[in-house]
Amino acid sequence: MSGFRSRARGTSQRQKEAEAARARKAAKKHTDQGASQRDQHRDRAVALAVDPPRIAAMDVLRQVREQDAYANLVLPNMLREREITGRDAAFATEITYGTLRNLGVLDAVIDAASTRPVDQIDPDLLDALRLGTYQLLYTRVEPHAAVDTTVRLTVEKLKGFANAVMRAITRSRRSTWFARLTPKEEIPALAFKYAHPTWIAESFARTIGVEELGAALEGDSQRPKVHLAARPGEMSAEELALITGGEEGKYSPYAVYLDGGNPGDIAAVRQGFAAVQDEGSQLIARAVTEAPLLGVDTGRWLDLCAGPGGKAALMGALARIDGARVDAVEIAPHRAQLVEKLTIGLPVDVHIGDGRTPDLEPGFDRVLVDAPCSGLGALRRRPEARWRKQESDIAGLSVLQYDLLHAAYGLVRPGGVVVYSTCSPDLRETREIVDKAVAELGAEELDAKSLVPGMENVGSERSVQMWPHRHGTDAMFFAVLRKPADEL
């Protein structure tokens, strides 16, 4: 027996050494692959005689166009992998996001300066022209540098065409191009000035009015601050502000503002004591837990469209304090996993299912319907988003939004509340849905303004409409509906 144990210990030791060797080999391979990729990018930059920030910007534009990628997810990883830092990283970020945000304006200028329509220009060449045109019109980059690098980023047979278009653009100032291309009508002119599709400008105008439309569109193009939420019961906003060097929020008792940086580097975020969450989103989650009920709160709360989980996590933290429990429904399995990850250790039960037909027992005290929407209220966070969206999508979304609100109303108990929210200011997704619920379901609309103390200028209705230029939040909307207590 002793000999067997000795041989077993020896085998175990050899296995450990072999596993360690394999781990070292895998780590070396990963390091070598990373180094090889960085070398390839550097070699490419040398071959083209173009600096790495511009090459990174071109690569992001291509991924956005070909793969429907999100620039705000792709670019930071690319900069890190290619070891582009400091001023070079700032330049790459500026020209990438700026180009994507102003795409419609850039295309109009290129179209006017070109001998062929934009939709007939080679896609890779068009990316290079957009990048170069942005530098000419919106930055202090010397014209010769913008022209030269654009031509260098172009394949040989198209260099002459690229050079001709870029030089045609340099012959006029930005103000001249804008005077020539700006539409005469007021709303289309504001849309062009602030680089938005006209239909989005018209949508905003119906909610906020033409007088304030320019400010709204301009605010929609400003790079937002990072908003953190201190998790109730774990950390206060004051503590989070102290350890991060941030500023406490104006409206949410959990909010902290940061001017920039990578939130993933913050220990409190990694440990789950805080999370990245727009202050408007925090206010909506809090409103669900604070809205006045008729009767006793039995602690049954519901998030009917929970993914990716930010509001469910904040509701869960508050539920833990109040002795309540949250059911969180999400139709997409991968998003349900995100909800589960964010709510570990909280009294939250995640269900994969359709919020319109959830397999849940009615009788909830509080229900949140954070409905899928056009996302027009969060355009500033994804620079390419405004040019991807189609107005035709809203009709289908409105049907879904009302169906979800109708389902929520069936799940809430008499005297309970339903909070309906969207990250959109479009009336077809906000007031029209709420007004229909009041008219057809008999819901009572409560004063939502009382749930965001200190926040002013949130609209003339009983609901709350936030705006980036007014409040520093995304353009989020929410309304509070209560089921009459005598409804059986």
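Every heavy atom of this structure was used, including side-chain atoms; hydrogens, water molecules and symmetry mates were not.
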With a 4.0 Å cut-off on N to O distance, would you call [X] and [Y] a salt bridge?
X	Y	answer
Asp124	Arg65	yes
Asp59	Arg82	yes
Arg431	Glu445	yes
Arg380	Asp278	yes

Inspect the surroundings of [atom1] in [X] and state if more than 12 heavy atoms from other residues, nucleotides or ligands are less than 6.0 Å away.
X	atom1	value
Gln67	CD	yes
Arg388	CZ	yes
Arg206	CZ	yes

Cation-pi geometry met for Arg116 and Phe161 (6.0 Å, 45°):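 Yes; both conditions hold, so Arg116 lies above the ring face of Phe161.
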Axial cation check for Tyr409 ring with Lys483, 6.0 Å and 45° limits: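 Yes, Lys483 lies over the aromatic ring of Tyr409.
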Tell me the closest heavy-atom pair linking [X] and [Y], and the distance in Å.
X	Y	result
Val118	Asp107	CG2-O, 3.3 Å
Pro143	Thr170	CB-CG2, 4.3 Å
Gly355	Ala407	O-CB, 3.5 Å
Glu384	Tyr70	OE2-CD2, 3.3 Å
Asp474	Ala378	OD2-CB, 3.8 Å

OH of Tyr251 to OG1 of Thr473: how many Å apart, nearest 0.5 Å?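 Result: 8.0 Å between the selected atoms.
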Looking only at side-chain N and O atoms, does [Y] offer a donor or acceptor that is under 3.5 Å from a partner on [X]?
X	Y	answer
Glu279	Tyr257	yes
Asp359	His351	no
Tyr402	Glu440	yes
Ser281	Lys311	yes
Ser203	Arg428	no

When you compare the side chain of Arg54 with that of Phe91, does any pair of heavy atoms fall below 4.5 Å?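 When only atoms from C-beta onward are counted, Arg54 and Phe91 do touch, with a gap below 4.5 Å.
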Of Glu429, Arg381, Met476, Met466, which is the lone residue that meets side chain to side chain contact (heavy atoms under 4.5 Å, CB included) with Cys423?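 So the option named by the test is Met476.
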Is a side-chain donor or acceptor of [X] paired with a backbone partner of [Y] at a separation under 3.5 angstrom?
X	Y	value
Trp301	Thr289	no
Arg366	Ala291	yes
Thr422	Cys373	no
Gln337	Pro333	no
Arg382	Ala71	no

Sort out for me which residue in Gln222, Glu218, Glu212 forms a side-chain hydrogen bond (donor to acceptor under 3.5 Å, both in side chains) with His469.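 Looking at Gln222, Glu218, Glu212, the match for His469 under the side-chain hydrogen bond (donor to acceptor under 3.5 Å, both in side chains) is Glu212.
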